[in-house]
Amino acid sequence: MVAITLPDGSVREYDGAVTGEQVAASIGPGLAKAALIVKVDGEPRDLRFLIEQDAALEIVTRDHEDALEVLRHDCAHIMAEAVQELFPGTQITFGPSIDDGFYYDFHRETPFTPEDFETIEKRMGEIVDRDEDITREVWTRADARRLFEEKGETFKAEHVGNLPEDVEISLYRQGDWVDLCTGPHLPSTGRLGKSFKLMKLAGAYWRGDPKNPQLQRVYGTCWRTNKELRAYLHRLEEAEKRDHRRLGREMDLFHFQEEAVGSVFWHPKGWTLYRVCETHMRKRLDAADYVEVRTPQLVDRGLWERSGHWEKFREHMFTVEDEHERVLALKPMNCPGHVQIFRQGITSYRDLPIRMAEFGSCHRNEPSGALHGLMRVRAFTQDDAHIFCTEDQIVSETKKFCELLLSIYRDFGFDEVEVKFSDRPEVRAGEDSVWDQAEEALMTATKAAGLPFTLNPGEGAFYGPKLEFVLKDTIGRQWQCGTLQVYFVLPERLDAVYIAEGGEKRRPVMLHRAILGSFERFIGVLIEHYAGRLPLWLAPVQGVVATITSDADDYAKEVAAAFKKAGMRVELDIRNEKINYKVREHSVGKTPLILVVGRQEAENRTVAIRRLGGKAQEILALEDALNTLSTEATPPH
RNA sequence: GCCGCCGUAGCUCAGGGGUAGAGCGCACCCUUGGUAAGGGUGAGGCCGACAGUUCAAUUCUGUCCGGCGGCACCA
């Protein structure tokens with residue numbers, strides 16, 4: 001007897017071993033038809049997996065939350081089958097499901113083109129129509145390897161050889177097509193349906209290593225229904241509309257051009273936004289007892305050699321030579337500079353902690369393929385600071401920093417923050433004992449700060465372990481902005497000391513920390529988060545005074561001047577255009593307030609306020625409008 | 001950096017071996033209009049750069065530069 005417990009708590013008994021397929025059939029033919037896979041004691045399994053002992057069973061149908069992953073994985077297989085039928089000689093490698101879809105990496109001499117998509121999609125549809133049985137087979141390692149070698153599937157054969165000894169080698173067969181896979185899979189290709197679409201082509205390295213052959217990756221998306229597929233495609237279009245590169249142009253914030261690849265040309269409006277962010281940060285840092293400094297842009301390579309950067313990051317540093325053939329590097333970071341300031345004079349333990357901030361302009365020669373609008377540039381400005389403190393102060397400083405960071409994120413409208421703890425990477429500076437110490441200190445401090453965090457093993461910085469603070473924007477995308485890194489090694493290398501209570505010299509610890517990360521990137525994130533509709537205090541142009549007829553020009557000028565005097569950023573639009581036209585243009589330009597004035601307003605000394613996206617207008621006396629709106633436009637805190 | 005695609009007016013894009021087109025924007029004129037595009041006229045282009053093929057190249061080929069999507073990278 002085998003007793004199967006279903007999610008509703010009911011128990012069904014069977015004479016002997018039973019499959020999920022049989023259980024589903026015994027419940028009802030509809031369910032049997034809708035079933036994709038099952039979960040046996042929580043483990044995803046094929047419908048035909050033989051359950052030999054009592055177990056909890058969950059039948060995964062299309063509506064189940066796990067269904068998409070299975071459908072997408074099967075879709076990848078069906079695509080691979082289609083590709084191998086259509087293009088003999090193409091080798092298969094890996095094809096997992098991913099967020100919103102799947103991909104499959106192929107090895108083939110001639111590249112695929114987007115024109116091939118239609119052909120492949122058509123063949124995939126045929127494979128679904130053929131409704132081929134998908135069966136699981138267990139092979140010995142040697143046989144599986146031989147099979148793939150005979151088929152000329154060198155990548156698969158290599159992979160079989162690399163699998164751990166204790167892993168069961170399972171092959172999935174659908175029609176004449178075979179792939180090495182752990183599964184689970186649908187019982188037949190017909191269950192996939194046709195709500196899929198091939199999306200794009202890309203290169204990818206075999207096993208992610210640039211030294212290995214490059215494969216051709218085909219990305220696709222796959223959904224439960226055509227409706228879901230259409231909704232997804234619509235979502236992509238919407239996401240494109242909030243792309244900061246597009247909005248940057250439409251809102252006249254910044255541009256890029258060939259002569260300065262990876263550097264931003266900030267237009268007046270974009271620079272206003274930048275300055276508002278900077279001013280706000282400066283205010284918050286002042287209040288948090290930071291001191292602000294400025295360190296040199298060009299620094300002799302000797303300092304970078306001592307700090308260890310020259311050895312590790314040489315190829316990412318821009319260098320210049322002076323007339324004595326002395327090599328100077330454009331600073332890629334601010335830490336060594338800050339240590340130089342710390343080293344001036346003698347520091348007492350009484351002076352610690354010293355929180356040294358710099359809106360540090362840095363240059364890094366990022367690989368050309370990494371550049372991406374404001375998100376990844378070669379010239380950027382960090383909201384950087386180094387906290388020089390004693391080991392005893394690490395916990396309290398970390399705590400203070402986390403509070404400051406969360407509070408500033410809230411100012412900018414981000415409430416969801418994920419924290420990741422990254423420990424020692426393979427390539428690193430310093431002894432393991434020092435890393436032990438640094439990791440332990442950071443871990444204690446992080447726990448004391450009381451923030452939930454996840455572990456991110458091996459992802460620490462060159463100098464020390466780090467916390468990463470990841471923002472979640474309106475549409476759920478994640479952006480790593482803030483960081484806190486514990487440096488024990490750098491103060492040693494650059495010989496930073498303070499005089500301790502007993503009169504002896506001691507090494508301070510440095511906490512390298514940033515909240516926005518880089519202003520450029522953060523502004524990119526802000527633009528996308530708000531889809532360009534920035535909150536009033538951030539908007540570069542907060543309001544436009546727009547006239548209805550030229551009779552109101554003089555009054556409009558007076559209104560604009562009054563708002564400007566009240567500290568607001570307003571523009572005047574007295575062009576010979578209809579109000580409809582002006583409203584449309586300023587709405588498209590994402591101006592938060594349109595202050596409409598016509599004859600009536602001029603006579604009554606009022607303004608008609610139209611808010612971005614709103615339909616209604618609100619008529620206020622000029623004085624009231626000034627008070628209300630300038631209060632509303634005040635930055636948080 | 002690697003793979004694929006792309007580069008035509010300020011923007012979005014069409015075209016195609018015989019030196020170019022649309023819409024929006026811009027300028028000027030008419031219009032003074034009450035909340036998301038009023039009308040007319042006009043000016044804008046070394047068709048990314050450099051080589052090659054050709055009687056002729058913006059169009060075909062190659063190289064380079066830049067952009068886009070991934071991969072790799074991100075102190």
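Small disclaimer: the values here were computed from a predicted structure and weren't measured. Below, chain A is the first sequence line, B the second, and so on; all start at residue 1.
Nucleic acid contact class of A/His316 (heavy atoms, under 4.0 Å, all strands): base. Backbone-only engagement by A/Pro210 is indicated by non-hydrogen atom pairs under 4.0 Å involving sugar-phosphate atoms exclusively. Among the protein residues, A/Pro111 comes within range of the sugar-phosphate backbone only, with heavy atoms under 4.0 Å from sugar or phosphate atoms but none that close to a base. Nucleic acid contact class of A/Ala204 (heavy atoms, under 4.0 Å, all strands): sugar-phosphate only. Within the 4.0 angstrom heavy-atom criterion, only backbone atoms of the sugar-phosphate kind lie near A/Gly208; the bases stay farther away. Using a 4.0 Å heavy-atom cutoff across all strands shown, A/Tyr103 reaches no nucleic acid atom at all. The residue A/Ile579 sits close only to the backbone: its heavy atoms come under 4.0 Å of sugar-phosphate atoms, none of a base. Residue contacts shown for A/Tyr581 are limited to sugar-phosphate atoms, with no base heavy atom under 4.0 Å away. Heavy atoms of A/Glu601 sit under 4.0 angstrom from at least one base atom. Within the 4.0 angstrom heavy-atom criterion, only backbone atoms of the sugar-phosphate kind lie near A/Lys466; the bases stay farther away. Residue-level contact check: A/Lys200 touches the backbone only, with heavy atoms under 4.0 Å from sugar-phosphate atoms and none from bases. If you check every strand for non-hydrogen atoms under 4.0 Å, A/Val588 touches a base. Among the atoms of the strands shown, only primed sugar atoms or phosphate atoms (P, OP1, OP2) are found under 4.0 Å from some heavy atom of A/Gln485. Nucleic acid contact class of A/Ala546 (heavy atoms, under 4.0 Å, all strands): none.
In this structure, A/His255 does not reach the B/rC11 phosphate: none of its side-chain N or O atoms is under 4.0 Å from OP1 or OP2. Contact between the side-chain N/O atoms of A/Asn580 and the OP1/OP2 oxygens of B/rA36 is found at a separation under 4.0 Å. Residue A/Arg245 places at least one side-chain N or O closer than 4.0 Å to OP1 or OP2 of B/rG69. Between A/Ser368 and the phosphate of B/rG1, there is a side-chain N or O to OP1/OP2 separation shorter than 4.0 Å. Taking only side-chain nitrogens and oxygens, A/Arg249 comes nearer than 4.0 Å to OP1 or OP2 of B/rU12. For B/rA72, neither phosphate oxygen OP1 nor OP2 lies less than 4.0 angstrom from any side-chain nitrogen or oxygen of A/Arg207.
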Show the atom names and distances, to 0.1 Å, of all donor-acceptor pairs under 3.5 Å that link a side chain in residues 606-615 of chain A to residues at least two apart or in another chain.
residue, atom, partner, partner atom, Å
A/Arg610, NH2, A/Gly614, O, 3.2
A/Arg611, NH1, A/Glu632, OE2, 2.8
A/Arg611, NH2, A/Glu632, OE1, 3.0

Quiz: residues 297-304 of chain A side-chain donor-acceptor pairs under 3.5 angstrom, not counting sequence neighbours:
residue, atom, partner, partner atom, Å
A/Asp300, OD1, A/Gly302, N, 2.6
A/Asp300, OD2, A/Arg326, NE, 2.7
A/Asp300, OD2, A/Arg326, NH2, 3.3
A/Arg301, NE, A/Glu305, OE2, 2.7
A/Arg301, NH2, A/Glu305, OE2, 2.8
A/Trp304, NE1, A/Val299, O, 3.2

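Nearest to the side-chain atoms of A/Lys615 among the listed nucleotides B/rA75, B/rG66, B/rA36 stands B/rA36. In this structure, of B/rG66, B/rA36, B/rG69, it is B/rG69 that holds the atom nearest to the side chain of A/His372. You'll find that the side chain of A/Val261 is closest to B/rG67, out of B/rG34, B/rU32, B/rG67.
Applying the 90° cutoff around 0 to the glycosidic angle, B/rG42 is assigned anti.
Between the side chains of A/Gln340 and A/Thr295, no donor-acceptor pair is found at a separation under 3.5 Å.
Across all strands shown, B/rA75 remains unpaired; no Watson-Crick or G-U wobble contact has both distances below 3.5 Å. Pair assignment for B/rG69: B/rC3, on the basis of Watson-Crick or G-U wobble contacts that are both within less than 3.5 Å. B/rU41: Watson-Crick or G-U partner is B/rA27, with both key distances under 3.5 Å. The partner of B/rU19 is absent, by the rule that a Watson-Crick or G-U pair needs both atom distances under 3.5 Å. Across all strands shown, B/rG33 remains unpaired; no Watson-Crick or G-U wobble contact has both distances below 3.5 Å. B/rG52: Watson-Crick or G-U partner is B/rC60, with both key distances under 3.5 Å.
In this structure, A/Gln382 places its CD atom 9 Å from C1' of B/rA75, rounding to the nearest Å. Per the geometry, CD belonging to A/Glu366 stands 16 Å off P belonging to B/rA72, to the nearest Å. Atom CD in A/Glu520 sits roughly 15 Å away from atom C1' in B/rC74 (whole-Å rounding). Atom CD in A/Glu577 sits about 8 Å away from atom P in B/rC26, given to the nearest Å. In this structure, CE of A/Met199 is placed 15 Å from C1' of B/rC5, rounded to the nearest angstrom. Regarding A/Asn212, its CG atom lies at a distance of 16 Å from the P atom of B/rC71, rounded to whole Å.
Side-chain atoms of A/Tyr205 and base atoms of B/rG1 include a donor and an acceptor less than 3.5 Å apart.
Using a cut-off of 4.0 Å between Lys/Arg side-chain N and Asp/Glu carboxylate O, A/Arg477 and A/Glu528 are scored as salt-bridged.
If A/Asp243 and A/Val596 are placed on RNA chain B by their nearest nucleotide, the residue sitting closer to the 5' end is A/Val596. Between A/Pro367 and A/Gly613, the residue anchored nearer the 5' end of RNA chain B, judged by the nucleotide with its closest heavy atom, is A/Pro367.
Of the possible polar contacts, none joining the A/Gln382 side chain to the A/Met333 backbone as a donor-acceptor pair under 3.5 Å is found.
The heavy-atom pair separating A/Val525 from A/Met375 by the smallest distance is N-CE, 3.6 Å. The shortest non-hydrogen separation linking A/Tyr409 to A/Cys481 is OH-CB, 3.7 Å.
Taking the ring centre of A/Phe94 as origin, the terminal cationic atom of A/Lys156 falls inside the region bounded by 6.0 Å and 45° from the ring axis.
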